[in-house]
Amino acid sequence: MNIDGKPYRTILPAADGASVEVIDQTRLPFAFELKRLATLDEAAVAIRTMIVRGAPLIGVTAAYGLALGLRRDASDAGIDHAVETLAATRPTAINLRWALDRVAAKLREVALPERAAFAFAEAGRIAEEDVESCHAIGRHGAAILADLHKAKGRRLNVLTHCNAGWLATVDWGTALAPIYVAHEAGIPVHVYVDETRPRNQGAALTAFELNAHGVPHTVIADNAGGHLMQHGEIDVCIVGSDRTTASGDVCNKIGTYLKALAASDNRVPFYAALPFSTIDWTLDDGVAQIPIEERDAREVSHLTGRLADGGFATIEVVSPGSPVANPAFDVTPARLVTGIITERGVASADAEGLLSLYPERRSEA
Ligand code: MRU
């Protein structure tokens, strides 16, 4: 999508296959900086420290990271080491494991000297497929927004949580793709952006990308969504997902579940938008089975921001000595999800709905 009229992607491979360039998302929204990743360890650090984040983007970065690792050691042991290193970086988003498994499975058939180049090309194919999937999610989701707009006959107010925009993917995004497609089709869409404590991906990243692309929006405190829904100010919620079970339970950024509860109480439709690579067909009970990443307590106890003089500062906001917990994701049970918007269309949030879009999975169900 665009920054000041110029199209960007979140990850760009170097032509010689020796590195990739990513947007450093820890510096947004105040500084736009690119970072070059040239080794397995640099890719792993970028994922762990959230220089790159968002389920589809960490999958693509991991695939490139595997390729970079193979430039040093292309043996079977080298593949195993790279996969283990990258898989350990973040446990919840299944796209990471999916991308690594896809590349690693094909690699065993490739001769050693060609493995690094093959993996780099395969990572590129995953990236291109992600762009196509997200654009298709945008078209299917925009049809929902167009219908809602017709029914309401006024500006459409959409609430989203965290950042599931183009910065979380290679381009377009998942939850924000329908908004971009609708915006480009002339449908008046206004986005309410949850700030998304503790890391503030909404306030920092979603607001940045909507601003840069010219989509009207308002940032709200995480606690404001229920109030706005009670007062009829939200027409629809759209969120992304880091892992969705075969039964339609949606795991996403911490706080998503509370928004789904408020949406259900106020009869506001609640959609999750995600590509096939986010569906974990091996699970059917998200609350019991999805591993939830516990992140550093400092993300809750401290805040980093820009000072009036343009400098940056990190400040403490929690009473010193108080214990802090930081679960990074939660699971919204399928019963609270109106529909799942995928690249193949919109499914009901249940096993039959998902299988009707992915009939090739029926044999595994
Ligand atoms: O911890 P993050 O910033 O990687 O979490 C991102 C999210 O929870 C997104 O909503 C999710 O990955 C959907 S991505 C399009």
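Remember, it's 1-based here, ligands and their atoms both numbered in the order they're listed.
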Below 3.5 Å, can you tabulate the donor-acceptor pairs from side chains in residues 216-228 to any protein atom, sequence neighbours excluded?
| residue | atom | partner | partner atom | Å |
| --- | --- | --- | --- | --- |
| His217 | ND1 | Val215 | O | 2.8 |
| Thr218 | OG1 | His190 | NE2 | 2.7 |
| Asp222 | OD1 | Glu195 | N | 3.4 |
| Asp222 | OD1 | Thr196 | N | 2.7 |
| Asp222 | OD2 | Thr196 | N | 3.3 |
| Asp222 | OD2 | Arg197 | N | 2.8 |

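- Protein residues with any heavy atom under 4.0 Å from ligand 1: Met50, Arg53, Gly54, Ala55, Pro56, Arg90, Cys162, Asn163, Ala164, Ala168, Thr169, Thr174, Gln201, Gly240, Ser241, Asp242, Asn252, Lys253, Phe329.
- A salt bridge links Arg125 with Glu122: the closest approach of a Lys/Arg side-chain nitrogen to an acidic carboxylate oxygen falls below 4.0 angstrom.
- No cation-pi contact links Arg71 to Tyr64, judged by a cut-off of 6.0 Å to the six-membered ring centre and 45° from its axis.
- Aromatic pair Trp281/Tyr358: centroids less than 6.0 angstrom apart.
- Atom CG of Leu283 is separated from atom SG of Cys251 by 10.0 Å, given to the nearest 0.5 angstrom.
- Using a cutoff of 4.0 Å between basic side-chain nitrogens and carboxylate oxygens, Arg48 and Glu293 are not scored as salt-bridged.
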